[in-house]
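Residue numbers start from 1 in every chain, and the chains themselves are labelled A, B, ... in the order their sequence lines are given, proteins ahead of strands.
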Number of protein chains: 2
Amino acid sequence: MKAAPLHERIRREIEARILSGAWAPGARVPGEIELMAQYGCARMTVNKALSALAHAGLVERRRRAGTFVARPRSQSMVLEIADLAREVVARGQTYSWQLQTRREALSEHPEMPGPVLEVEGVHLADGMRLAFEHRLISTAQVPEVLTADIAATAPGTWLLGHVPWTEAENRISASAASPALARALGIAAGDPCLTITRRTWRGGSPVTLVHQHFVASRHELVARFGAA
Amino acid sequence: MKAAPLHERIRREIEARILSGAWAPGARVPGEIELMAQYGCARMTVNKALSALAHAGLVERRRRAGTFVARPRSQSMVLEIADLAREVVARGQTYSWQLQTRREALSEHPEMPGPVLEVEGVHLADGMRLAFEHRLISTAQVPEVLTADIAATAPGTWLLGHVPWTEAENRISASAASPALARALGIAAGDPCLTITRRTWRGGSPVTLVHQHFVASRHELVARFGAA
DNA sequence: ATAGCGAATATGTATAGACAATTAAACCAG
DNA sequence: CTGGTTTAATTGTCTATACATATTCGCTAT
């Protein structure tokens, strides 16, 4: 056991009391002066602990009023969507990518106007077809992609390593496989698919628009969190 | 425009340079001493700015070495899963909940052993069936739920307001509707459904296990982020 | 060359004090 | 009682300083 910094200890002790329910939502948390005396430290130290808790959303602080345990939670959880290649490898499977189509085009897609690189291909885990991907990449925003070897590296993986995004939107839905999609994935038409549509922007300009269709029986999105 | 605190201004200026790509991943960020001179302030102030950036994962700090722009992003994004009632209302629709089954039982489910309240019902948006829910709630962990009016309030909404969770797991998948599910949702058997399975714990003990089956054509999970 | 060791350096933590900003509560005038 | 005004409690920000801690770099002995 390593000696944790004092502000960390204070933070954890208060956090524990909140998570255990000992301090109910809405309850008043001791003020900085009080905690300062209690721990025999400077106000900056307890301030750091309380600020961290406020940042994490566990407490709410109001001047003149004090610090209070925040009402339950933002009523929401978050799901992490990782890069597919990493995710597959993390599960102990071997990942591979099969490029099927690559062409430069002038997109008339309302969400991605202008010159784009259009890519289609299949993601495989242990050689089994996992997902079909259709992607548009703005060549105006990412000219380097034209010289990238996207037959060897999946475009999503390549992009993550080369282009930081500033905004992104994910849509997750279920649908029945169209005949063409069923053929690409080797399943029956009408079989359920999990579809992820992701758009990313960089400073307001669209970078990429991607549809990933997963074979439902072969993929699940999983996310686990601790509230700490 | 309100005058932002100095540490906030410093944080934002550095953040902007990273997000714009002016400072590439791996590049060295000016040290605290340097920034201190540059902004004419105390070291604690720049420290606060840099610590916040480190906490957000935008930079990496190593003693003796310095501060560096972190490698692209955690290669992952985050999807917010809100409470269903809120989500529907946020879209401007009216939300309602139809309780179908409520019984106390002794669960032999491996993930939720012990006495549970088992609830089944349907979520409606503007009167249209949106999702079928099957839920187990541990009555050992949440005895108050036995007296809650879960015919009036959906159990998920009730729980969010009463029981803080400390851990949660979400699984999202697609599947074809079973005949029973199709009947409950008023769709055809075999139609694609989006399924969310969520388990939450409080201090290691399971609190609730829920399956929500959405009519694929009527629901999508959407999440949008700005990195700024 | 190489392994080990010491020193330099950048961050991490903490103190004590000061003033600013916000706002709940007390007070007061009508 | 009502509405506006003052007061004071509490958090927010910042300074200047000090020492702790980790880690790279270079020196030295092998």
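Between the P atom of D:dC19 and the CG atom of A:L6 lies a distance of 19 Å, rounded to the nearest Å. What separates CD of B:E32 from P of C:dT13 is a distance of 11 Å, to the nearest Å. The nearest whole Å value for the distance from the CD atom in A:E60 to the P atom in D:dT10 is 17 Å. At whole-Å resolution of the value, CD1 in A:I10 and P in C:dT13 are 13 Å apart. Computed from coordinates, the B:R61 CZ to C:dA10 P distance equals 12 Å when rounded to whole Å. Here C:dA21 presents its P atom at 17 Å from CD of B:E8, a figure rounded to the nearest Å.
Listed by chain and number, the residues in a ring pair (Phe, Tyr, Trp, His ring centres under 6.0 Å) with B:F132 amount to none (sequence neighbours excluded). Legend: residues meeting salt bridge (Lys or Arg N to Asp or Glu O under 4.0 Å) with B:E111, ordered by chain and number and at least two apart, are B:R199. Partners of A:H213 according to the ring pair (Phe, Tyr, Trp, His ring centres under 6.0 Å) rule, which considers only residues two or more places apart in sequence or in another chain, do not exist here.
Contact check of residues 34-53 of chain B against DNA chain C (heavy atom, cut-off under 4.0 Å) returns B:R43, B:M44, B:N47.
No donor-acceptor pair closer than 3.5 Å links the side chain of A:S107 to the backbone N or O of A:P115. In this structure, B:R28 contributes its side chain and B:A65 its backbone to a donor-acceptor pair below 3.5 Å.
Residue A:R62 places no side-chain N or O under 4.0 Å from the OP1 or OP2 atom of D:dT11. The phosphate of C:dA10 (OP1 or OP2) has no side-chain N or O of B:T67 nearer than 4.0 angstrom.
Of the candidates B:R171, B:H211, B:E169, B:H211 is the only one forming a side chain to side chain donor-acceptor pair (under 3.5 Å) with B:T197.
The side-chain heavy atoms of B:L117 and B:I150, taken from C-beta on, include a pair separated by under 4.5 Å.
Both B:G66 and A:H7 sit near DNA chain C, but only B:G66 has its closest nucleotide nearer the 5' end.
Counting all heavy atoms, side chain and backbone alike, A:G156 lies closest to A:E133 at N-OE2, 4.4 Å.
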Just the table, please: protein N/O against nucleotides 5-9 of chain C N/O, every pair under 3.5 Å.
unit_1: C:dA8; atom_1: N3; unit_2: B:R64; atom_2: NH1; d: 2.8
unit_1: C:dT9; atom_1: O4'; unit_2: B:R64; atom_2: NH1; d: 3.4

Please table the atom pairs, donor to acceptor, closer than 3.5 Å between any side-chain atom in residues 39-46 of chain A and protein atoms at least two apart or in another chain.
unit_1: A:Y39; atom_1: OH; unit_2: A:E13; atom_2: OE1; d: 2.6
unit_1: A:R43; atom_1: NH1; unit_2: A:E32; atom_2: OE1; d: 2.5

